[in-house]
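Below is one structure; the comments refer to it alone.
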2 protein chains.
Amino acid sequence: MRAKSEEKRQSILNAASEVFRVTGFEGASMSDICAKAGYSRATLYSYFPSKEALFLEIMLAGGQSQAEAITAALDPATPNIKESLIHFGKALLTFIYSPEILALRRLAIAEATRSDFGHLFYTRSRKQGEVVLTAFLKQAMDAGKLRQVDSSVAVAHLSGLLESELEEMFYRSEIVPLDPLYIDRITNSAVNVFMAAYGL
Amino acid sequence: MRAKSEEKRQSILNAASEVFRVTGFEGASMSDICAKAGYSRATLYSYFPSKEALFLEIMLAGGQSQAEAITAALDPATPNIKESLIHFGKALLTFIYSPEILALRRLAIAEATRSDFGHLFYTRSRKQGEVVLTAFLKQAMDAGKLRQVDSSVAVAHLSGLLESELEEMFYRSEIVPLDPLYIDRITNSAVNVFMAAYGL
DNA sequence: ACTAGACTGCACTGTATAGTATAGTTATGA
DNA sequence: TCATAACTATACTATACAGTGCAGTCTAGT
């Protein structure tokens with residue numbers, strides 16, 4: 001007999017992810033997804049029970065990869081806090097403004113009213129990252145590298161500064177990757193402002 | 001003969017606005033909008049040629065009101081720059097995180113891939129506000145109240161700081177108005193950080 | 001080679017919606 | 001008052017899509 005393959009499942013997820021990102025949840029049709037994946041409708045329904053289930057799995061996977069990327073960008077053993085924040089900022093922006101992740105974030109916002117998927121995505125991605133970053137900053141404060149203040153607020157301010165020049169990206173119809181040099185400039189000025197307020 | 005009334009037109013816009021905000025563009029049906037407005041489908045189509053036209057008008061009106069609110073919150077004649085930024089911040093956050101405007105912003109993001117409406121909304125609302133705020137900060141810099149730096153970046157940083165603790169609002173399924181005391185706290189800490197970096 | 005079950009292709013059901021058409025009703029301005 | 005046009009109610013067209021069902025085909029494991 002023939003076995004269902006994990007690769008096939010993945011290729012369906014990839015195709016669906018692309019279609020959802022381009023057309024949104026409502027705009028995506030299961031037929032489009034099948035065509036993109038190269039399988040028949042029946043096959044798709046044998047792997048995923050419904051459009052919603054497919055969508056949910058994509059959002060959760062995307063959220064998790066975002067949380068992991070944020071965690072990975074932090075190196076707690078660094079002596080120079082400013083350098084490590086700059087490294088973190090560049091990695092963060094590169095990842096969360098990549099076309100794939102940005103599209104997922106927009107999808108999450110778009111679906112926030114229709115279902116809980118949006119908020120689920122947020123709590124599994126950004127919020128997770130914030131927890132890790134908060135611990136990182138708290139450690140830096142305790143080590144005397146930053147002023148002792150509410151580290152959650154400091155995290156929000158750092159994120160807000162880093163993303164401050166990129167708001168327009170959410171509203172653009174075509175999503176293009178950011179120029180690494182632009183990311184460098186943005187990160188440097190954001191961390192400078194952060195250090196002016198939170199440094200010693 | 002009978003004349004079409006501007007009030008009727010407005011009440012259709014109001015009803016449509018509410019339906020769009022709750023269900024999104026695709027999710028909203030013209031019948032829902034008719035029911036909410038209390039008119040027949042034919043009447044609605046005699047006032048607006050299509051669903052898209054109706055949506056566009058709502059987005060543009062919302063964008064303009066946002067731009068006006070931002071402009072109105074700035075008083076260029078103020079001697080104390082910090083106080084005036086705090087006043088501006090509170091007014092800004094109160095307005096752009098009101099349930100109505102926040103819902104429009106989410107709609108704009110949701111529709112950004114499907115059409116240009118999202119970007120149009122952005123350029124007519126936020127971007128307009130940024131232009132005015134940039135001029136305001138530039139003037140303060142020239143008057144020696146702030147450090148002389150790129151005022152566009154300063155504007156982005158100020159906005160980013162002000163909104164930094166409110167990102168979750170975009171992902172929540174129910175939208176609730178913010179507590180004014182919470183807005184005060186957020187604004188104060190954001191402006192403090194801003195002044196630490198940009199003050200003299 | 002045989003067979004279980006994965007797979008295709010297609011038709012079908014049921015539902016929903018944008019927009020139009022029409023026939024009859026009501027309000028209003030001259 | 002009366003003609004005009006706004007209005008309602010409703011039916012209709014055309015389309016689209018989620019999900020199901022089924023007849024038959026292909027493939028891998030034994």
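Residue numbers begin at 1 in each chain, while the letters A, B, ... track the order of the sequences.
- Across the protein-nucleic acid pair, Leu44(B) atom CG and dA9(D) atom P stand 14 Å apart, rounded to whole Å.
- If you check dG21(D), dG19(D), dT8(D) against the side chain of Ala42(A), the one that comes closest is dG21(D).
- Taking atom CG on Asp32(B) and atom P on dA18(C), their separation rounds to 8 Å, with Å as the unit.
- Ring geometry, His157(A) versus Tyr198(A): the interplanar angle falls from 30° to 60°, so the pair is classed tilted.
- Spacing between atom CD of Glu52(A) and atom P of dC17(D) amounts to 17 Å, rounded to whole angstrom units.
- Among the atoms of the strands shown, none is found under 4.0 Å from any heavy atom of Phe48(B).
- Straight-line distance from the CG atom of Leu54(A) to the C1' atom of dG19(D): 14 Å, rounded to whole Å.
- If you check every strand for non-hydrogen atoms under 4.0 Å, Ser29(B) touches sugar and phosphate atoms only.
- Grouping the Ile, Leu, Val, Met, Phe, Trp and Tyr side chains by contacts below 4.5 angstrom, directly or via other members, places Met59(A) with Tyr47(A).
- Across all strands, Gly27(B) comes closer than 4.0 Å to no nucleic acid atom at all (heavy-atom distances).
- Regarding Lys51(B), its NZ atom lies at a distance of 8 Å from the P atom of dT17(C), rounded to whole Å.
- Between Tyr47(A) and dC7(C) there is a side-chain polar atom (N or O) within less than 4.0 angstrom of OP1 or OP2.
- Taking every side-chain heavy atom of Ser40(A) into account, dG9(C) is the closest of dG19(D), dA6(D), dG9(C).
- At whole-Å resolution of the value, CD in Glu26(B) and P in dA18(D) are 11 Å apart.
- Distances shorter than 4.0 Å separate some side-chain N or O of Lys8(B) from OP1 or OP2 on dC7(D).
- Here the C1' atom of nucleotide dT8(C) and the OH atom of Tyr39(A) are 13 Å apart, to the nearest Å.
- Judged by atom type and distance alone, Arg41(A) reaches the base of dG19(D) through a side-chain donor-acceptor pair under 3.5 Å.
- Cation-pi contact between Lys127(B) and Tyr122(B): absent, since separation from the ring centre below 6.0 Å together with deviation from the ring axis within 45° is not met.
- Inspection of the Arg21(A) and Ser17(A) side chains reveals an N or O donor paired with an N or O acceptor under 3.5 Å.
- Distance alone, capped at 3.5 Å, places no donor-acceptor pair between the Arg9(B) side chain and the Phe48(B) backbone.
- Nucleotide dA18(D) holds its C1' atom 11 Å from the CD1 atom of Ile33(A), rounded to whole Å.
- Distance from the side chain of Met30(B) is smallest to dA18(C) among dA18(C), dG19(D), dA6(D).
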